[in-house]
Chemist: 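Shown below is the structure under consideration.
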There are 2 protein chains.
Amino acid sequence: MESEELRNVGLKVTSPRLKILSLLENAKAKHMTAETIYRQLGESGEVIGLATVYRALAQFEAAGLITRHQFEGGQTVFELERGPHHDHIVCVRCGRVEEFYDKVIEDRQREIAENLGFTLSDHALTLYGECSGGTCPAKNG
Amino acid sequence: MESEELRNVGLKVTSPRLKILSLLENAKAKHMTAETIYRQLGESGEVIGLATVYRALAQFEAAGLITRHQFEGGQTVFELERGPHHDHIVCVRCGRVEEFYDKVIEDRQREIAENLGFTLSDHALTLYGECSGGTCPAKNG
DNA sequence: CTTGCACATGAGAATCATTATCATGTAGCA
DNA sequence: TGCTACATGATAATGATTCTCATGTGCAAG
């Protein structure tokens, strides 16, 4: 139940929060902007203030429920935090986002940070390219 | 001479462009925001419209003279394009930016993109951490 | 089951970075 | 030297995100 997820992280269980969380869990697109969430909720008759959407997303992120990504050029997208860590590759033509995980890279990152005298706390790796013709609908999906 | 750099990429040689380019080449900080460039020029008595700064930076980027980076949370920073490709590690405490290059990671990125059916055109790898106590002035510099 | 109060919400204003507009100025070629 | 396409600067406009504030509500205590 989503209510528990909220309680577990110390957030009051409210209708807007439940709806946003629920949308994130059931949406077809795994990466959504605040605006998209706002619009999709509106279309389903669940009208929630845009400010509330931003607030809820910020709280969810602080609580570790979701992750925020800032791909180049575009807006900030949010993604439900489930499953193991991964990075992203974005098609510059159609906007499609794929995920991947690579142990070699992960390990190297830690080593590099250490060598430079940093304590690694986070990283952002995003690849940009074009997905192969057949697959690429040349239109966001 | 900076004038040649401009001519070489097909841009008219104008005073504002020369000043911006010159600042980028001589500034102590290697990564600067449009706002910073605007302010530093103003302080040196070289008053240039903010819009012009943004325009010039966009043109320099299109011409390959500089590179644009979008680190998390902060604004967009620009960096003179000289020397080989590299990635960045940013101190989340003091904002210091170090650069690094790692062949292992570069190679893996290409492989990963291929495996996923993408033609890699670009990538953004930024590590976030805290630089070691002694070195970290805990204040941007 | 009521009550109180800290916290949540929504509408719209405010902010921040960035881009567009438009009247005027100028680099650079004929 | 003069023309013309392009550049500039002041300012308005935009788009994303955050703040404000009056009002509403989850939920723990009684």
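Throughout, protein chains are lettered first and strands after them, A, B, ... in sequence-line order, and every chain is numbered starting at 1.
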Chemist: I need the CD-C1' distance between B/Glu4 and C/dG28, as an integer number of Å.
Modeler: 16 Å
Chemist: So if I take residues 53-68 of chain A and measure heavy-atom distances to DNA chain D, which residues fall below 4.0 Å?
Modeler: A/Tyr54, A/Arg55
Chemist: Check the pair A/Arg68, A/Glu79 against salt bridge (Lys or Arg N to Asp or Glu O under 4.0 Å), reporting the backbone distance first and the verdict last.
Modeler: CA-CA 7 Å; A/Arg68 175 194 302 257; A/Glu79 161 188 19; over 6 Å; no
Chemist: When you check the phosphate oxygens OP1 and OP2 of D/dA16, does a side-chain N or O of A/Thr76 lie under 4.0 Å from one of them?
Modeler: no
Chemist: Does anything in residues 13-26 of chain B form a salt bridge (Lys or Arg N to Asp or Glu O under 4.0 Å)? List the pairs, not counting sequence neighbours.
Modeler: B/Lys19-B/Glu46
Chemist: Rounded to the Å, how far apart are A/Arg7 CZ and D/dG26 C1'?
Modeler: 10 Å
Chemist: Between B/Gly10 and B/Ala51, which has a closest nucleotide on DNA chain D that is more 5'?
Modeler: B/Gly10
Chemist: With under 30° as parallel and over 60° as perpendicular, where do the rings of B/His88 and B/His86 fit, or are they tilted in between?
Modeler: perpendicular
Chemist: Measure the shortest side-chain to side-chain distance between B/Gln59 and B/Tyr54 over non-hydrogen atoms and say whether it is less than 4.5 angstrom.
Modeler: no
Chemist: Would you call A/Glu111 and A/Arg108 a salt bridge, using N to O less than 4.0 angstrom?
Modeler: yes
Chemist: Using the rule that two of Ile, Leu, Val, Met, Phe, Trp, Tyr join whenever any of their side-chain heavy atoms come within less than 4.5 Å, decide whether B/Leu23 and B/Val13 are in one cluster.
Modeler: yes
Chemist: What is the separation between atom CD on B/Gln70 and atom P on C/dT18, rounded to the nearest whole Å?
Modeler: 8 Å
Chemist: Please state how far atom CZ in A/Arg39 lies from atom P in D/dG15, giving the value in whole angstrom units.
Modeler: 13 Å
Chemist: Is any side-chain heavy atom of B/Phe60 closer than 4.5 Å to a side-chain heavy atom of B/Ile20?
Modeler: yes
Chemist: Would you say the side-chain atoms of A/Thr67 and A/Glu81 include a donor-acceptor pair closer than 3.5 Å?
Modeler: yes
Chemist: Please state how far atom CZ in B/Phe71 lies from atom C1' in C/dA17, giving the value in whole angstrom units.
Modeler: 17 Å
Chemist: Please report, rounded to the nearest Å, how far the C1' atom of C/dG10 is from the CG atom of A/Leu50.
Modeler: 10 Å
Chemist: Which parts of residues 12-32 of chain B get close to DNA chain D, meaning a heavy atom less than 4.0 angstrom away?
Modeler: B/Lys12, B/Thr14, B/Pro16, B/Arg17
Chemist: Starting from P on D/dT8, measure out to OH on B/Tyr38 and report it in whole angstrom.
Modeler: 15 Å
Chemist: Round to the nearest Å and state the distance from A/Ile37 atom CD1 to D/dT17 atom P.
Modeler: 11 Å
Chemist: Is there a donor-acceptor pair closer than 3.5 Å between any side-chain N or O of B/Ser121 and the backbone N or O of A/Tyr128?
Modeler: yes
